> 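I have a structure here, written as structure tokens, and I will follow up with some questions on it.
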Amino acid sequence: MKLVTAIIKPQQVDNVKEDLNKLGIHGLTATDVKGFGRQKGHTEFYRGSEFEVAFLPKTKLEVAIPEEKLEKVIETIKNSAKTGKFGDGKIFVTELDQVVRIRTGEKGPEAI
Amino acid sequence: MKLVTAIIKPQQVDNVKEDLNKLGIHGLTATDVKGFGRQKGHTEFYRGSEFEVAFLPKTKLEVAIPEEKLEKVIETIKNSAKTGKFGDGKIFVTELDQVVRIRTGEKGPEAI
Amino acid sequence: MKLVTAIIKPQQVDNVKEDLNKLGIHGLTATDVKGFGRQKGHTEFYRGSEFEVAFLPKTKLEVAIPEEKLEKVIETIKNSAKTGKFGDGKIFVTELDQVVRIRTGEKGPEAI
Amino acid sequence: MNAGDTAWMLTSTCLVLLMTVPGVALLYGGMVGKKNIISTITQTFMITCLVTLLWFIVGYSLAFSEGSFNTFVGGFSNLFLKGVGVDSLSGTIPESVFVVFQLTFAIITAALICGAVAERMNFSALLIFIAIWILLVYAPICHMVWGGGLLASLGVLDFAGGTVVHINCGIAGLVAAIVLGERKQKSRPHNLLLSLIGTSLLWVGWFGFNAGSAVAANGGAGMAMLVTQIATATAGLAWMFAEWGFGKKPSLLGILSGAIAGLVAITPAAGFVGPVGAFFIGLIAGIVCYWASTKLKNKLGYDDSLDVFGIHGVGGTVGALLTGIFAKEAIGGAAGLLEGNTGQLWLQFIGVAFTIVYTGVFTYVILKIVNLITPLRATAEEETQGLDLRQHGEQIN
Amino acid sequence: MNAGDTAWMLTSTCLVLLMTVPGVALLYGGMVGKKNIISTITQTFMITCLVTLLWFIVGYSLAFSEGSFNTFVGGFSNLFLKGVGVDSLSGTIPESVFVVFQLTFAIITAALICGAVAERMNFSALLIFIAIWILLVYAPICHMVWGGGLLASLGVLDFAGGTVVHINCGIAGLVAAIVLGERKQKSRPHNLLLSLIGTSLLWVGWFGFNAGSAVAANGGAGMAMLVTQIATATAGLAWMFAEWGFGKKPSLLGILSGAIAGLVAITPAAGFVGPVGAFFIGLIAGIVCYWASTKLKNKLGYDDSLDVFGIHGVGGTVGALLTGIFAKEAIGGAAGLLEGNTGQLWLQFIGVAFTIVYTGVFTYVILKIVNLITPLRATAEEETQGLDLRQHGEQIN
Amino acid sequence: MNAGDTAWMLTSTCLVLLMTVPGVALLYGGMVGKKNIISTITQTFMITCLVTLLWFIVGYSLAFSEGSFNTFVGGFSNLFLKGVGVDSLSGTIPESVFVVFQLTFAIITAALICGAVAERMNFSALLIFIAIWILLVYAPICHMVWGGGLLASLGVLDFAGGTVVHINCGIAGLVAAIVLGERKQKSRPHNLLLSLIGTSLLWVGWFGFNAGSAVAANGGAGMAMLVTQIATATAGLAWMFAEWGFGKKPSLLGILSGAIAGLVAITPAAGFVGPVGAFFIGLIAGIVCYWASTKLKNKLGYDDSLDVFGIHGVGGTVGALLTGIFAKEAIGGAAGLLEGNTGQLWLQFIGVAFTIVYTGVFTYVILKIVNLITPLRATAEEETQGLDLRQHGEQIN
Ligand SMILES: Nc1ncnc2c1ncn2[C@@H]1O[C@H](COP(=O)(O)OP(=O)(O)O)[C@@H](O)[C@H]1O
Ligand SMILES: Nc1ncnc2c1ncn2[C@@H]1O[C@H](COP(=O)(O)OP(=O)(O)O)[C@@H](O)[C@H]1O
Ligand SMILES: Nc1ncnc2c1ncn2[C@@H]1O[C@H](COP(=O)(O)OP(=O)(O)O)[C@@H](O)[C@H]1O
């Protein structure tokens with residue numbers, strides 16, 4: 001099993017969620033994060049003081065999937081999260097040793 | 001070493017924390033996340049507008065542990081996070097290549 | 001490729017970010033998290049009620065890097081996040097199977 | 001000069017200003033999405049300043065001085081408040097107090113409009129629009145109703161601003177919402193607690209609005225306060241039970257909206273009806289505005305972000321007409337339908353219709369002209385990222 | 001009619017309404033957990049509307065008209081405010097103003113009770129409970145103290161509501177907290193900044209409450225304002241230093257709670273004591289209420305969520321009794337213990353005891369009856385998920 | 001006694017108290033970082049209590065009674081408010097009202113100082129500092145300007161507190177900011193919405209401040225209200241356009257700051273100038289304070305956290321001097337430069353200079369003394385973790 005972690009623009013979340021649903025992926029976890037990268041932040045002025053805001057709001061999506069869906073999931077996220085501008089984000093893939101569904105105690109792919 | 005990531009209901013956090021403590025696990029990291037899964041969200045109405053709230057508040061717990069405690073930790077989380085209803089959440093296990101304690105520079109299992 | 005996850009004190013974030021920049025690392029993702037560990041929390045009193053606050057505010061930094069920078073990155077984070085007091089935090093290293101840049105579709109090290 | 005009346009009018013002026021800053025600012029600020037809060041409240045505050053300046057320069061003069069086209073608008077004899085001295089009186093109170101009291105009505109009318117175009121209007125366009133609108137729409141309507149112009153002389157009753165303030169801003173808001181078009185995305189109200197504070201300040205401030213419109217500390221003011229309280233409470237409960245009855249939960253936003261609808265509807269009637277009339281006005285306004293803001297809006301499909309039309313336009317109209325029904329001679333000297341005077345309802349209808357048409361046409365034309373100077377609408381990117389950051393360079397953390 | 005007095009009473013009415021919406025709503029809203037904010041403030045707002053409607057229908061009549069059981073309760077001659085016209089007077093002010101002024105006291109009394117049952121009471125049960133309670137408890141007690149009933153005729157002193165408002169709501173809250181039982185989980189105050197706003201508005205509004213209870217703009221009102229200010233400040237500092245002295249940090253919630261305790265305690269005394277008396281009343285109230293809300297509560301184990309009993313019940317009792325000690329003939333025409341009149345303290349004690357018993361018994365019975373209609377308490381699941389979402393379908397984001 | 005005047009002064013007192021709690025508390029609370037909100041607002045609230053207590057004990061007496069050193073300070077004849085009874089008058093109003101009205105000015109002056117030392121001052125040191133400062137600085141300056149002392153007898157004009165309140169707190173703040181030194185880290189304003197509420201309450205409350213300073217409900221009060229409104233609005237727009245013109249975005253904090261600058265600057269002038277003078281005072285104050293708070297501060301490098309000096313110190317000075325220019329005989333009985341009276345400007349200059357020197361020196365000395373008792377500054381660790389948690393044991397969640 002794989003854990004696909006995507007850091008994307010917040011406004012793309014619904015898009016991605018729906019497209020993943022269509023793929024038969026019915027679970028995911030989202031976190032508000034702040035990203036730093038090529039996309040530049042901005043400067044805010046409050047009276048005489050300048051504050052550089054380097055971190056921009058992003059959303060991290062985590063999706064556990066069975067190995068065989070990996071390519072499709074990456075493809076889907078790539079397409080539905082893309083706006084074509086700097087800051088669209090990244091997809092990270094890591095190996096999952098084990099998945100457990102707490103409610104039922106199921107393990108492995110059927111727990112996803 | 002393993003990283004155990006559990007996505008659970010926020011009201012179960014104290015439970016899990018205490019039970020892990022009893023196991024001799026004295027460190028963990030919690031994050032407020034929003035989950036989407038079998039447990040259904042709800043619809044909010046504000047005057048004439050409907051807003052579907054698909055994501056529900058969950059808490060993600062991350063615990064780094066030495067390999068040998070893995071089974072016990074999974075068992076413990078499963079029991080103490082369980083309410084038996086949809087949305088109880090998942091446990092993910094991933095391999096940790098390395099752990100470093102910043103304060104002392106210790107590495108490996110003793111850094112946990 | 002590796003994913004380095006550091007859980008550090010919030011006030012050290014700018015430090016770490018700048019030092020990583022100097023290393024040529026120009027992307028990272030930060031999350032507000034709450035940590036529980038050796039550093040003790042505190043008790044708050046509101047009228048007659050006591051509330052133990054066990055979880056302390058921490059920031060989680062996630063940085064995807066090519067394998068060869070691993071040692072340098074760990075070293076850098078360790079130094080720039082350190083205050084020498086309890087609660088300085090941990091660094092976790094995990095293997096990244098794949099990285100994709102959403103905007104361009106690039107994969108692997110050049111996507112970082 | 002009567003010191004008691006003056007004391008009450010000084011206080012009323014404070015109360016009505018409180019309705020806009022922070023009242024309307026908070027009511028609106030709580031209902032928009034998080035990324036547009038600063039924008040929403042900055043608009044309100046800017047308008048408060050801008051309308052004050054214009055009122056000082058020429059607005060008061062256009063509304064309340066005698067002019068050559070007195071039927072429609074005042075003249076220029078009070079430019080820069082010339083002639084308003086320490087000793088000038090307006091009835092039993094100093095004219096200076098009257099100037100500021102009336103100014104606070106102009107301010108809130110303009111501020112309310114913003115609700116219809118929230119989350120998408122360009123700040124500079126709004127600034128220019130309001131400046132023109134106050135002079136070409138508000139001042140004349142105000143003159144016609146309260147400054148001795150057309151509607152006053154016909155005998156239209158508007159105690160505290162059902163037409164001047166509420167229908168006026170409601171229609172202007174509707175037209176502006178339509179001209180600007182739909183938001184790209186509607187956002188859930190970010191923090192209704194702010195709207196609670198805003199509504200509460202509106203309620204309390206409205207005593208200055210309605211009881212203050214008696215321009216005296218007497219039984220008329222007292223009765224206006226009493227009927228305001230009754231209509232507001234009734235309308236709040238009416239909306240809540242309507243919502244509940246239609247299978248939704250009794251929501252905070254619902255009861256707040258109902259209370260505002262009641263406040264709006266009792267405004268034109270406040271000096272003319274008694275407690276029982278107020279009860280019915282509140283009841284009807286609560287239900288009708290509920291319907292307008294939840295059903296009618298969806299049916300017609302315009303995007304009036306914060307229901308300026310559904311509450312102020314509709315509530316003001318309901319109130320203006322019901323004034324013609326429930327007015328009691330013993331209270332305000334004018335009889336309504338229930339006391340056998342059919343004519344008043346007809347007069348009320350004329351007042352409403354005139355205001356709707358006048359405001360509608362002028363608002364539309366002004367918007368089109370402003371659009372030639374600077375785009376009315378924020379860019380798509382600004383809207384997506386939020387007006388706070390993009391138009392004001394600030395954020396709520 | 002006196003225009004100056006009327007001006008002040010119109011203003012006082014605004015101030016007292018401000019105490020409830022948004023005052024109490026914010027005070028309470030800031031102290032509950034995040035998932036119950038909407039619920040808490042919706043309750044306050046709903047009560048404001050509901051009590052208004054009932055007051056209009058029958059409440060005012062029960063409290064202030066003459067009836068056949070005049071010792072305990074008024075009659076029905078003012079049903080639907082019949083007889084309250086533009087020209088009716090109540091002393092030197094229009095009766096309409098008196099009606100609304102008194103109404104705002106009924107509103108805040110009912111609203112305060114919610115603090116004791118916050119985070120767990122069922123919305124419909126609360127609605128029904130308050131409706132009955134206002135008619136069976138508030139109106140009679142109000143009549144007995146201010147409407148010419150039993151306690152008034154005995155000579156019990158209660159200038160602005162120590163018994164009518166504070167002991168009344170404090171005991172009702174205590175009984176309700178006990179009947180409902182403990183919350184499943186106590187939550188940390190979510191945002192004390194809201195409580196700061198609430199307390200500030202209570203403080204300022206209390207000038208309407210206390211100085212307004214002089215029902216005139218004169219030296220009596222001025223002295224009531226002055227002693228209110230002194231007692232409040234002293235009690236705030238007393239609580240803060242008590243806390244600090246007992247090894248805790250000087251907390252915001254502490255100083256706010258102290259200030260409220262001071263406001264409560266000076267309420268019955270405001271027209272009867274001088275600055276020095278006020279200082280002692282504040283000092284004693286600050287310390288006693290600190291003890292009641294932090295030690296006594298834990299010892300007895302009831303879950304009065306926001307300390308309605310510990311502050312209003314206890315503070316009101318302290319104030320009522322101390323009035324019997326510090327009252328000065330030169331100020332309010334009544335002498336207290338320090339001026340050698342032992343009888344007054346005894347009378348005060350009777351007033352307190354009577355109110356406690358009356359309210360305690362009736363509140364208990366009403367709750368039991370309501371429970372037959374609809375469960376008093378929200379379900380366990382609603383409580384866990386938060387009343388905001390489950391009872392009102394809304395959330396603070 | 002005049003009931004109308006009394007009604008207005010009771011109201012004004014409420015309004016001025018509202019300026020501090022919650023006004024200043026919110027203005028400041030919104031501008032600090034999240035971890036110092038509780039600290040900031042607790043300071044304001046504590047000061048409100050503390051100054052009240054001191055005023056009761058000796059402050060009022062020092063400011064307003066006759067003493068042996070009457071040129072500089074009052075005496076002790078009103079210790080514990082001895083002599084202030086129900087029937088004592090001060091002009092046409094009860095003395096009790098005058099005592100509280102004046103107290104609210106002392107409170108806000110002290111509360112404003114905290115803005116300069118926000119996010120780093122030790123709570124106990126602040127408490128002691130304010131206690132001494134009120135007695136050694138505020139009371140004497142107040143006496144010299146309004147209590148019949150030195151500056152009054154010279155003929156310095158200060159209608160509502162340009163010197164007594166604003167220059168006074170501005171200079172004290174500047175000195176304190178310098179003595180305490182820079183914060184370790186400046187934080188972005190956490191929630192400007194709070195500052196909007198605060199500023200709005202300041203604006204509305206300022207009508208009590210300025211129009212209340214007429215100590216009557218008459219044309220003078222009305223004119224003070226009118227000029228206050230004009231100057232405030234103009235200054236708000238002036239700051240906004242200055243900022244916009246210099247290439248920044250028109251920010252909420254900018255327009256709020258401008259409005260406050262206008263309020264400050266019109267304060268000494270409010271009873272002496274007309275609408276046109278007010279316009280110019282607002283215009284100049286808005287621009288000069290913009291410059292002082294954004295350019296001058298950075299040039300000189302002191303860390304006045306929330307610009308107490310840049311807005312109150314500078315704005316108060318601008319206003320005091322411009323009063324000498326724009327004063328009109330027909331309005332307040334005193335002529336300014338524009339009416340050919342050069343002497344007044346010189347007198348105003350003396351008033352300003354005297355206050356700056358007196359306050360500057362005393363504030364410095366008091367701070368040094370307090371530092372011997374307890375450290376002025378919170379520890380580095382407290383500052384890093386936030387004063388909320390470390391000094392008050394509470395947090396905003
Ligand atoms: N090396 C990295 N490690 C972790 N997160 C990263 C890394 N590089 C980028 N990110 C995340 O991806 C987001 C987008 O990256 P950015 O470089 O701005 O744009 P793009 O991906 O389009 O080149 C960043 O805001 C950050 O959250
Ligand atoms: N495939 C998945 N990947 C990541 N997180 C998931 C996945 N499936 C479920 N989750 C997380 O687990 C939570 C609970 O899942 P849900 O399907 O609602 O209930 P249950 O686990 O009881 O079947 C979700 O809210 C989500 O946060
Ligand atoms: N086993 C663990 N798994 C996950 N996170 C941990 C673990 N132990 C510690 N942490 C995180 O690291 C932070 C610092 O740990 P702590 O034990 O307080 O101090 P130190 O690392 O200096 O010994 C904690 O607040 C927590 O967020």
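Here is the naming used below: chain letters follow the sequence lines, and residue numbers restart at 1 for every chain. For clarity, every value in this text was computed on a predicted model and none was experimentally measured.
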> Between CG of C:L96 and CD1 of A:I91, what distance do you get to the nearest 0.5 Å?
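These two atoms lie 12.5 Å from each other.
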> Can you list every ring-ring contact (aromatic ring centres under 6.0 Å, His included) pair that touches residues 54-77 of chain A, not counting sequence neighbours?
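Residue pairs passing ring-ring contact (aromatic ring centres under 6.0 Å, His included), neighbours aside: A:F36-A:F55.
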> Which of the residues C:V99, C:I112, C:L3, C:V100 is involved in the greatest number of heavy-atom pairs with chain A at under 4.5 angstrom?
C:V100
> Checking C:A111 against chain A: side chain, backbone, both or neither under 4.5 Å from a heavy atom?
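Only the backbone of C:A111 comes within 4.5 Å of chain A.
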> What part of C:L61 lies closer than 4.5 angstrom to a heavy atom of chain A: side chain, backbone, both or neither?
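Neither part; nothing is under 4.5 Å.
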> Using a plain distance cut of 3.5 Å, could you tabulate donor-acceptor pairs between chain C and chain A?
residue	atom	partner	partner atom	Å
C:L28	N	A:F36	O	2.9
C:L28	O	A:F36	N	2.8
C:A30	N	A:K34	O	2.7
C:A30	O	A:K34	N	2.8
C:E62	OE1	A:K60	NZ	2.8
C:E62	OE2	A:K60	NZ	3.1
C:D97	N	A:V93	O	2.7
C:D97	OD2	A:K2	NZ	2.3
C:Q98	O	A:V93	N	2.9
C:V100	N	A:I91	O	2.8
C:V100	O	A:I91	N	2.8
C:I102	N	A:G89	O	3.0
C:R103	O	A:K82	NZ	3.4

> Any ring-ring contact (aromatic ring centres under 6.0 Å, His included) pairs touching residues 91-112 of chain A, not counting sequence neighbours?
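Residue pairs passing ring-ring contact (aromatic ring centres under 6.0 Å, His included), neighbours aside: none found.
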> What part of A:I7 lies closer than 4.5 angstrom to a heavy atom of chain C: side chain, backbone, both or neither?
both
